[in-house]
Amino acid sequence: MKFNTKLIAQNAIIACIYTVFTLAIAPLAYSEIQFRLSEIIVFLAFYNKKYIPGLVIGCFIANIPSTLGWFDMVFGTFSTLLVCIAMYKMKNKYLAAFVGALITGVIIGFELHLAFGFPFIINAVYVWIGELAVLLIGAVLFETLSKNRKFMDYITK
């Protein structure tokens, strides 16, 4: 993948959108039950891997003010990276949503277990449910957007 000014700018915008969407609903975006609307845009990675850097950087920046500090910056960012890679490899949006939620549930569930000592399985399930809900919304939204030829031409090229 060749980086140019346009691609860097696109990824910077994606990172900003991810960060703003996370911070806008901060009480729901952090801790045991997470409902990050910003995760909807990880579906950009489903269509084109060139957006993965912006999504990962956005997640990292959004996790800086988290009450979990470096835990979230490391585990959350790693989780988003794996979810984006999985999204790109998948061929079905709904299966990608399920797998993405599973990855997030396991990694963030483990993070919360380490940080707070909460039971891993309970954390993993709570996070998985919240993430699955958001990613299913994203799958439906991107399914609708995929019918727009101009939108698809823009994100796939």
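Throughout, numbering of the chain's residues begins at 1 and tracks the sequence. As a basis for the values below, the full set of heavy atoms in this structure was taken, side chains included, without hydrogen atoms, waters or symmetry mates. No experiment lies behind these values; they were computed from the predicted model shown.
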Do [X] and [Y] belong together in a cluster built from hydrophobic side chains that touch within less than 4.5 Å?
{"X": "V83", "Y": "I85", "value": "no"}
{"X": "L81", "Y": "L135", "value": "no"}
{"X": "M152", "Y": "F43", "value": "yes"}
{"X": "I40", "Y": "V99", "value": "yes"}
{"X": "V106", "Y": "F35", "value": "yes"}

I need the [X] [atom1] to [Y] [atom2] distance, nearest 0.5 Å.
{"X": "T156", "Y": "K50", "atom1": "OG1", "atom2": "NZ", "answer": "8.0 Å"}
{"X": "L44", "Y": "I17", "atom1": "CG", "atom2": "CD1", "answer": "8.5 Å"}
{"X": "N148", "Y": "D153", "atom1": "CG", "atom2": "CG", "answer": "9.0 Å"}
{"X": "I107", "Y": "F78", "atom1": "CD1", "atom2": "CZ", "answer": "5.0 Å"}

Quiz prompt | Close side-chain approach of I103 and L82, heavy atoms under 4.5 Å | solution =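 Yes; the side chains approach each other to less than 4.5 Å.
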
Quiz item: Given side chains that start at C-beta, do those of Y88 and F46 come closer than 4.5 Å, heavy atoms only?
Solution: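 The answer is no, as the side chains (C-beta and beyond) never meet within the 4.5 Å cut-off.
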
Donor-acceptor pair, [X] side chain versus [Y] backbone, under 3.5 Å?
{"X": "S146", "Y": "E143", "answer": "yes"}
{"X": "N48", "Y": "I155", "answer": "yes"}
{"X": "E111", "Y": "D72", "answer": "yes"}
{"X": "S66", "Y": "A62", "answer": "no"}
{"X": "T22", "Y": "S38", "answer": "no"}
{"X": "N11", "Y": "L7", "answer": "yes"}

Quiz item: For F71, does the CZ atom sit with more than 12 other heavy atoms under 6.0 Å from it, leaving out its own atoms?
Solution: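 More than 12 within 6.0 Å, yes.
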
If you look at every heavy atom in [X] and [Y], which pair is closest and at what distance?
{"X": "I41", "Y": "I14", "answer": "CD1-O, 4.0 Å"}
{"X": "R36", "Y": "C59", "answer": "NH1-SG, 4.1 Å"}
{"X": "L68", "Y": "A115", "answer": "CD2-CB, 3.7 Å"}
{"X": "F60", "Y": "T77", "answer": "CA-OG1, 3.3 Å"}
{"X": "M87", "Y": "V42", "answer": "CE-CG2, 3.9 Å"}
{"X": "N123", "Y": "F118", "answer": "ND2-CB, 3.0 Å"}

Quiz item: Going by atom types only, do Y126 and E131 share a side-chain donor-acceptor pair under 3.5 Å?
Solution: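 Checked: Y126/E131 side chains show no N/O donor-acceptor pair below 3.5 Å.
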
Practice problem: On the 0 to 90° scale, with breaks at 30° and 60°, tag the F98-W128 ring pair as parallel, tilted or perpendicular. | Solution: perpendicular

Quiz prompt | Aromatic ring pairing F142/F151, orientation class (parallel under 30°, perpendicular over 60°, tilted between) | solution = tilted

Practice problem: Determine the sole option in I57, T80, L23, I61 for which the side-chain contact (heavy atoms from CB on, under 4.5 Å) test with Y18 is passed. | Solution: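 Of the listed options, the one satisfying the test is T80.
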
